[in-house]
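Here the structure comes first, spelled out in structure tokens, and everything after it is commentary.
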Amino acid sequence: STAVLGQPEVFLTVKREIPIISKQRIYTICTSAMSAVSMAMVGSYMTMIEPKYVVTAVALNIFSALIVANIINPYDLDEKEDLMEEAQEEEKRVPFFQMVSESVMDGLKLVVTVAAMLLGFISLMELVNVIFLGIFSISFETLLGYIFAPIAFLMGVPWADAVQAGSIMATKLVTNEFVAMLNFGDVTGISEKTAAIVSVYLVSFANFGTVGIVAGSIKAISEKQGNFVSKYALKLLLGSTMASIISGTVMGLVM
């Protein structure tokens with residue numbers, strides 16, 4: 001469901017299971033949610049980059065997220081945990097109007113928490129940018145662009161386009177995919193292969209702001225699990241970014 005709903009909506013579909021499942025499974029769910037996109041956003045993406053790359057990325061991200069999650073966070077399903085989930089399933093049957101009222105309250109609580117977390121994470125990244133500009137006369141985003149250049153090259157981007165591609169990839173990580181896609185639309189003189197790789201890479205929710213959304217969403221459902229997600233936020237961002245890199249690399253191999 002993460003490939004269709006993205007986040008934070010997907011967490012509401014398993015809100016009864018979140019408090020009882022293992023931390024390993026929480027990590028996998030969150031990585032998948034950050035590596036995917038919401039179907040509600042796909043139409044908007046198609047107005048900024050080639051629709052064929054958007055559709056390709058949606059499919060590739062499903063497998064990339066599972067590959068990364070299993071490498072970084074391998075686990076086996078515990079039988080006791082499975083039985084607990086079955087018991088939770090039995091308790092799910094509630095009257096219709098009770099279900100509606102609970103859903104409304106869950107949604108409201110989620111929106112408020114996510115808004116606060118998102119504002120905090122975006123503000124933090126802006127502060128980091130200001131500090132880097134003041135001390136080193138270079139933005140954190142630009143610095144990441146140079147760091148991403150060799151990664152873009154390894155993904156299959158020609159070296160002549162690597163710095164430009166790396167800059168767009170870094171923009172997406174620090175801000176979000178919308179800003180990166182808009183900036184990418186202004187880039188000229190790059191090869192079709194570069195355009196394909198970067199486009200596929202951009203179609204995911206892997207960025208600093210989304211970490212705040214995910215942490216806030218889980219925290220709104222379960223304080224304990226939310227604290228775990230916050231503690232391993234950078235690991236979560238690493239996993240989802242690696243998934244995007246794998247998807248972009250696969251696109252580079254077939255171009």
Side-chain angles (χ1 to χ4, degrees), residues 6 31 34-37 41-65 67-68 71-72 121-122 125-126 128-129 132-133 136-211 234 236-255:
T31 299
M34 286 184 65
S35 302
V37 291
M41 301 290 188
V42 167
S44 298
Y45 296 154
M46 287 181 175
T47 64
M48 294 182 280
I49 59 178
E50 284 286 339
K52 61 183 178 181
Y53 299 141
V54 176
V55 174
T56 302
V58 169
L60 286 176
N61 286 342
I62 298 172
F63 301 103
S64 298
I67 290 169
V68 170
I71 292 174
I72 294 180
F121 270 75
I122 291 176
M125 291 314 304
E126 283 299 316
V128 171
N129 260 331
F132 268 77
L133 281 169
F136 305 108
S137 299
I138 183 174
S139 70
F140 183 57
E141 187 178 304
T142 303
L143 178 63
L144 283 178
Y146 285 106
I147 294 173
F148 266 93
I151 297 175
F153 178 69
L154 291 174
M155 289 169 67
V157 172
W159 184 249
D161 300 335
V163 174
Q164 282 183 299
S167 178
I168 297 297
M169 291 165 67
T171 299
K172 183 241 187 171
L173 181 67
V174 175
T175 55
N176 58 52
E177 71 280 5
F178 276 105
V179 175
M181 287 177 186
L182 289 171
N183 289 351
F184 189 46
D186 297 330
V187 174
T188 58
I190 59 173
S191 67
E192 185 179 348
K193 184 176 183 179
T194 298
I197 293 171
V198 175
S199 294
V200 169
Y201 170 87
L202 292 179
V203 184
S204 83
F205 287 143
N207 58 67
F208 282 102
T210 302
V211 172
L234 290 180
L236 186 61
L237 183 60
L238 172 64
S240 55
T241 301
M242 286 179 63
S244 295
I245 289 173
I246 290 174
S247 296
T249 303
V250 171
M251 192 68 199
L253 291 174
V254 299
M255 284 298 292

> Yes or no on side-chain contact (heavy atoms from CB on, under 4.5 Å) for N183 and K172, after CA distance, side-chain angles and deciding distance?
Replying inline: CA-CA 10 Å; N183 289 351; K172 183 241 187 171; over 6 Å; no
> Under the side-chain contact (heavy atoms from CB on, under 4.5 Å) criterion, do V68 and F63 qualify, and how do the steps go?
Replying inline: CA-CA 9 Å; V68 170; F63 301 103; over 6 Å; no
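To the nearest 0.5 angstrom, T171 atom OG1 is 12.5 Å from E177 atom CD. I49 CD1 to F184 CZ: the interatomic distance, rounded to the nearest 0.5 Å, is 8.0 Å. Rounding to the nearest 0.5 Å places CE of M169 at 13.5 Å from CD of Q164.
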Donor-acceptor contacts under 3.5 Å from residues 238-245 side chains, at least two apart:
unit_1 : atom_1 : unit_2 : atom_2 : d
S240   : OG     : L236   : O      : 3.1
S240   : OG     : L237   : O      : 3.1
T241   : OG1    : L237   : O      : 2.8
S244   : OG     : S204   : OG     : 2.8
S244   : OG     : S240   : O      : 3.4

N/O donor to acceptor pairs below 3.5 angstrom from side-chain atoms of residues 194-202, sequence neighbours left out:
unit_1 : atom_1 : unit_2 : atom_2 : d
T194   : OG1    : D161   : OD2    : 2.8
T194   : OG1    : S191   : OG     : 3.0
S199   : OG     : A195   : O      : 2.6

For a quick test of your reading: what N or O donor-acceptor pairs under 3.5 Å do the side chains of residues 52-61 make, sequence neighbours left out?
unit_1 : atom_1 : unit_2 : atom_2 : d
T56    : OG1    : K52    : O      : 2.7
N61    : OD1    : S247   : OG     : 2.7
N61    : ND2    : S35    : O      : 3.1
N61    : ND2    : A57    : O      : 3.1
N61    : ND2    : V203   : O      : 2.7

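Heavy-atom neighbours of L234 CG from other residues, nucleotides or ligands within 6.0 Å: at or below the threshold of 12. Surrounding CZ of F178 are more than 12 heavy atoms belonging to other residues, nucleotides or ligands, all under 6.0 Å away.
Taking 4.5 Å as the limit, some side-chain heavy atom of L182 sits within range of a side-chain heavy atom of M48. Residues I147 and L144 have side chains in contact (heavy-atom distance under 4.5 Å, counting atoms from C-beta outward). Side-chain contact between N207 and T175 is absent, with no heavy-atom pair separated by less than 4.5 Å.
In this structure, F132 and L143 approach most closely via the heavy-atom pair CE2-CD2, 3.5 Å. Residue A162 comes nearest to A152 through the heavy atom pair O-CB, 4.1 Å, listed as atom of the first residue, atom of the second, then distance. Of all heavy-atom pairs spanning T210 and F205, the tightest one is OG1-O, 2.7 Å.
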